[in-house]
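Numbering of ligands and ligand atoms starts at 1, following listing order. Heavy-atom basis, side chains included; hydrogens, waters and symmetry copies ignored.
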Amino acid sequence: MADLDDIRDGKEYGIGVAQQADGFFLKGSAHLDWGMQDRLSRIFNPATGKTVMLAFDHGFIMGPTSGVERIDLSILPLIEHADCLMCTRGVLRSLVPPTSRKPVCLRSDAGTSIMTELNHNVVIDVQDAVRLNASAIAVMVAVGDPATEADTIANLYQAVDDGLAAGIPVMGVTAVGKDMARDARYFGLASRICAENGANIVKTYYTEGFEKVVACCPVPIVIAGGKKLPEKEALELAYMAIRSGAAGVDMGRNVFQSEKPAAMIKAVGAVVHQGMKPADALQLFHDTPHP
Ligand code: 5RP
């Protein structure tokens with residue numbers, strides 16, 4: 001029974017004190033609904049505005065490529081150092097412990113492999129992303145590829161509609177066509193097309209002139225690491241991207257193909273969140289023992 005005879009009158013009304021009206025820390029995200037902002041705040045650290053996503057979705061097109069043959073052995077020990085996990089629903093359900101308490105950016109398009117022509121993908125049902133409590137869904141967009149551009153933009157468009165209905169942000173992943181120049185003009189175009197079609201985050205590649213790519217993209221950009229580089233170069237890449245305005249990295253091979261993956265993700269984290277200089281981050285990498 002409710003205790004109705006001791007309802008005390010409130011006294012602390014704060015008359016004259018304006019109600020707090022927080023802005024939102026992420027570029028282009030201030031007008032999103034609460035659930036979207038909550039999910040984005042799990043991916044991006046509100047204290048720094050940045051994220052280190054650990055990408056290990058490569059198997060969905062490449063199969064058991066180097067570093068992801070045994071995700072239980074190679075990737076799971078790295079999870080504690082990541083801000084967000086990017087993977088497929090198959091790996092999430094079969095290998096990632098739900099107790100890891102990490103936000104997930106779910107790879108949500110599928111349909112091709114390296115055995116055939118890439119990017120003829122379709123989008124998975126957003127209800128599965130809801131069941132998996134995904135904090136974002138990721139969809140590839142192949143700007144400039146005559147065979148797949150229209151279909152992949154339609155995939156993004158559908159993912160955005162589905163994501164808005166479910167309160168789940170969408171990350172547009174720019175795929176680079178074989179004939180595309182990997183320059184700021186191209187990445188600026190591809191990133192902007194993702195954002196214009198409603199992506200809440202864009203993943204693209206660092207290139208010279210990256211500050212222009214970031215400046216004309218109205219939502220946060222994270223960079224993929226790309227193929228494995230020497231650790232020094234990968235840390236320089238992350239540093240240059242952050243210095244140019246990137247909101248983080250979505251890095252895979254340069255972490256899990258490193259000889260010391262845990263040391264590498266820690267060093268990348270220091271660059272991303274603390275702005276650590278590449279030389280110091282490399283020292284951190286060398287000083288961190290391999291478990
Ligand atoms: C594969 C992807 C990867 O997640 C992305 O490319 C990041 O990984 P890497 O740093 O190894 O490039 O989208 O399609």
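- When only interatomic distances are considered, the shortest N/O to N/O separation between Ile61 and ligand 1 does not fall below 3.5 Å.
- The shortest N or O to N or O distance between Gly252 and ligand 1 is below 3.5 Å.
- Taking a cutoff of 4.0 Å between a charged side-chain nitrogen and a carboxylate oxygen, Lys11 and Asp9 do not qualify as a salt bridge.
- Proximity of the aromatic rings of His58 and Phe256 is defined here by a centroid distance below 6.0 angstrom, and this criterion is met.
- Counting only N and O atoms by type, the side chains of Thr152 and Asn155 include no donor and acceptor under 3.5 Å apart.
- Nearest-heavy-atom check against atom 8 (O) of ligand 1 across His58, Lys228, Gln257 picks out His58.
- A cation-pi arrangement is present between Arg182 and Tyr205, with the terminal nitrogen or guanidinium carbon under 6.0 Å from the aromatic centre and inside a 45° cone about the axis.
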Problem set entry | From CA spacing to verdict: salt bridge (Lys or Arg N to Asp or Glu O under 4.0 Å), Asp183, Arg185 | CA-CA 5 Å; Asp183 59 15; Arg185 191 159 177 269; over 6 Å; no

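- Under the 4.0 angstrom criterion for non-hydrogen atoms, Lys203 is in contact with ligand 1.
- Remark: distances from the non-hydrogen atoms of Asp57 to ligand 1 include one below 4.0 Å.
- For ligand 1 and Arg253, the ligand atoms under 4.0 Å from any heavy atom of the residue are 9 (P), 10 (O), 11 (O), 12 (O).
- Taking any N or O of Lys227, backbone or side chain, none lies under 3.5 Å from an N or O belonging to ligand 1.
- Applying the 4.0 Å criterion to heavy atoms of Arg107 picks out, from ligand 1, the atoms 1 (C), 2 (C), 13 (O), 14 (O).
- Between Gly225 and ligand 1, at least one pair of N/O atoms sits closer than 3.5 Å.
- Close approach of ligand 1 to Met251 is summarised as follows: ligand atoms under 4.0 Å from at least one heavy atom of the residue are 10 (O).
- Considering Arg42, Lys50, His273 as possible partners of Asp83, the one that fulfils the side chain to side chain donor-acceptor pair (under 3.5 Å) test is His273.
- Asp128 has a carboxylate O that lies under 4.0 Å from a charged side-chain N of Arg93, or vice versa, which qualifies the two as a salt bridge.
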For this session: Just do the side-chain hydrogen bond (donor to acceptor under 3.5 Å, both in side chains) check on Asp287 and Gln283 with the steps written out, would you?
Result: CA-CA 6 Å; Asp287 292 347; Gln283 195 58 50; 3.2 Å; yes

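- Heavy-atom proximity to Asp250, at under 4.0 Å, picks out these atoms of ligand 1: 7 (C), 10 (O).
- Residue Ala55 has at least one heavy-atom neighbour below 4.0 Å for each of these atoms of ligand 1: 4 (O), 7 (C), 8 (O).
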